[in-house]
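Letters A, B, ... are given to chains in the order of the sequence lines, protein chains preceding strands, and every chain is numbered from 1. Nothing here was measured: the structure is a model prediction, and the numbers come from that model.
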Number of protein chains: 2
Amino acid sequence: MSDLLERLRGRGWRLTAQRRVVAEVLDGDHVHYTADEVHAKASERLPEISRATVYNTLGELVSLGEVIEVSTDGRAKRYDPNAHHDHQHLVCSRCGTIRDVHLHGDPLSALPEPERYGFEVSEVTVTYRGICPNCTAAA
Amino acid sequence: MSDLLERLRGRGWRLTAQRRVVAEVLDGDHVHYTADEVHAKASERLPEISRATVYNTLGELVSLGEVIEVSTDGRAKRYDPNAHHDHQHLVCSRCGTIRDVHLHGDPLSALPEPERYGFEVSEVTVTYRGICPNCTAAA
DNA sequence: ATCCTACATTGGACAGTGTCTAAGTCAAGA
DNA sequence: TCTTGACTTAGACACTGTCCAATGTAGGAT
């Protein structure tokens, strides 16, 4: 993700220690953390980083299209660094963890014209829900 | 929706004025209100109804399968009274209004077995996003 | 019709998530 | 090295939702 930092710098981003750490956290594992989880991880490397900065930085990464915001459960949003590959999500209804999944076909084409009601439809998200193997085992 | 109340009473629900009003609000327009909007509407008819009761009642209606909980934006959840007809949602990215839409085919079958990672997949929601005619005109 | 009691409601405190602001700090160009 | 405007900080705040103890009441029992 070091090229991410380069790309952002090219767009006029000021490169600070805080932003670097947030980007590194997102790059690290391919898990979908909540903002506060990102903050916790970031604090391990840069203890004085503030919650507001993490929220700001995540918001910027989202509007720059580098990260996708996923809100599956009405609780905390999660951040998905895998923004450049088209994919959908599989969510555990019990523990909330998210996996990226890839579908057969294009879900956009499943919505017939008369069902579009004059909207300019530009995006579709598909979310599968179920119980993950871990939670099944723990039950 | 008066048969809703009957159905619920058959399942041992105690029929109170508060529950009746919440059910009527949901039945009224076919809009997808947030919990606090339901509370506001309900207060017009029953001023002393409390927020906790509205949240409780909505939660019960959801677990009884009479109403669907929709969280599209990570802000307030919205409640969809149209639970008995399989459908998906079309959301305006600008003003947030929601329309029910009906799809070709079953989106569950679009997720190949190897992409299920041992989950017991039981549910799928598809959300289309775009700009509604109103917002397009206003732009 | 009245009584009982388990269930429902109330209001207010609390918790989680996210936003805002004023003051201080610093990256990076001159 | 200096300057400056963008960035960060801490903490207050707002919104959504949950919880609890005290109070009220629907509906079966009598």
Side-chain angles (χ1 to χ4, degrees), chain A residues 5-25 32-43 45-64 67-80 95-96 98, chain B residues 2 5-25 32-43 45-64 66-80 96:
Chain A
L5 294 176
E6 270 320 304
R7 237 180 303 157
L8 294 175
R9 212 147 70 98
R11 297 204 222 173
W13 242 40
R14 199 179 271 185
L15 199 42
T16 67
Q18 290 85 347
R19 285 172 171 180
R20 206 187 313 261
V21 169
V22 169
E24 281 169 11
V25 167
H32 302 66
Y33 293 122
T34 65
D36 278 347
E37 284 166 356
V38 172
H39 179 230
K41 296 270 173 195
S43 299
R45 309 193 197 186
L46 191 65
E48 67 281 15
I49 191 173
S50 85
R51 220 161 58 95
T53 296
V54 172
Y55 275 90
N56 287 342
T57 305
L58 288 172
E60 284 153 12
L61 288 171
V62 168
S63 38
L64 289 170
V67 162
I68 293 175
E69 203 173 59
V70 187
S71 60
T72 54
D73 58 352
R75 307 169 125 242
K77 293 176 195 158
R78 290 173 179 275
Y79 292 88
D80 180 350
C95 65
I98 301 181
Chain B
S2 52
L5 294 176
E6 271 319 304
R7 237 180 305 156
L8 294 175
R9 212 148 71 97
R11 297 205 223 171
W13 239 40
R14 197 179 275 186
L15 201 40
T16 67
Q18 290 83 348
R19 287 173 170 179
R20 205 188 314 262
V21 169
V22 169
E24 281 169 11
V25 168
H32 302 66
Y33 292 123
T34 65
D36 278 347
E37 283 167 356
V38 172
H39 179 231
K41 297 270 173 194
S43 299
R45 309 192 197 187
L46 191 65
E48 66 281 15
I49 192 172
S50 84
R51 221 163 58 94
T53 296
V54 172
Y55 275 89
N56 287 342
T57 305
L58 288 172
E60 284 153 13
L61 288 171
V62 168
S63 38
L64 290 170
E66 298 289 347
V67 162
I68 293 175
E69 205 172 56
V70 187
S71 60
T72 55
D73 58 352
R75 309 170 122 241
K77 293 176 196 159
R78 290 174 178 274
Y79 293 88
D80 181 350

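The shortest side-chain heavy-atom distance between A/Thr16 and A/Thr53 does not fall under the 4.5 Å cut-off. Side-chain atoms of B/Leu8 and B/Leu61, non-hydrogen and from C-beta on, do get closer than 4.5 Å to each other.
Nearest heavy atom pair, residue B/Thr34 against residue B/Ala76, reads CG2-CB, 3.7 Å. Counting all heavy atoms, side chain and backbone alike, A/Ile49 lies closest to A/Ser43 at CG2-OG, 3.8 Å.
When the side-chain nitrogen and oxygen atoms of B/Tyr55 are compared with OP1 and OP2 of D/dT18, none of them lie within a distance under 4.0 Å.
Annotation: side chain to side chain contact (heavy atoms under 4.5 Å, CB included) contacts of B/Ala35 (sequence neighbours excluded): B/Tyr55, B/Leu58, B/Tyr79. Here A/Arg75 pairs with A/Asp73 under the side chain to side chain contact (heavy atoms under 4.5 Å, CB included) rule; sequence neighbours left out. Checked against salt bridge (charged side-chain N to carboxylate O under 4.0 Å, His left out), B/Lys77 has the following partners two or more places apart in sequence or in another chain: B/Glu69.
Near-neighbour residues of DNA chain D inside residues 35-43 of chain A, defined by a heavy atom below 4.0 Å, are absent.
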(message) What does the B/S/- profile of nucleotides 6-13 of chain D look like, 5' to 3', with a 4.0 Å heavy-atom cutoff to protein?
(response) BSSBB---
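When the P atom of D/dG17 is taken as reference, atom CG of B/Leu58 falls 10 Å away, rounded to whole Å.
Mapping B/Ala76 and B/Arg9 onto DNA chain D by nearest heavy atom places B/Ala76 closer to the 5' end of the strand.
Between the side chain of A/Arg9 and the backbone N or O of A/Leu15 there is no donor-acceptor pair closer than 3.5 Å. With hydrogens and angles disregarded, a donor-acceptor distance shorter than 3.5 Å links the side chain of A/Arg19 to the backbone of A/Arg14.
In this structure, B/Glu66 pairs ionically with B/Arg11, as a charged nitrogen and a carboxylate oxygen lie closer than 4.0 Å.
Protein chain B contacts DNA chain C over a range whose 5' and 3' limits, counting nucleotides with an atom under 4.0 angstrom from a non-hydrogen atom, are C/dA6 to C/dG11.
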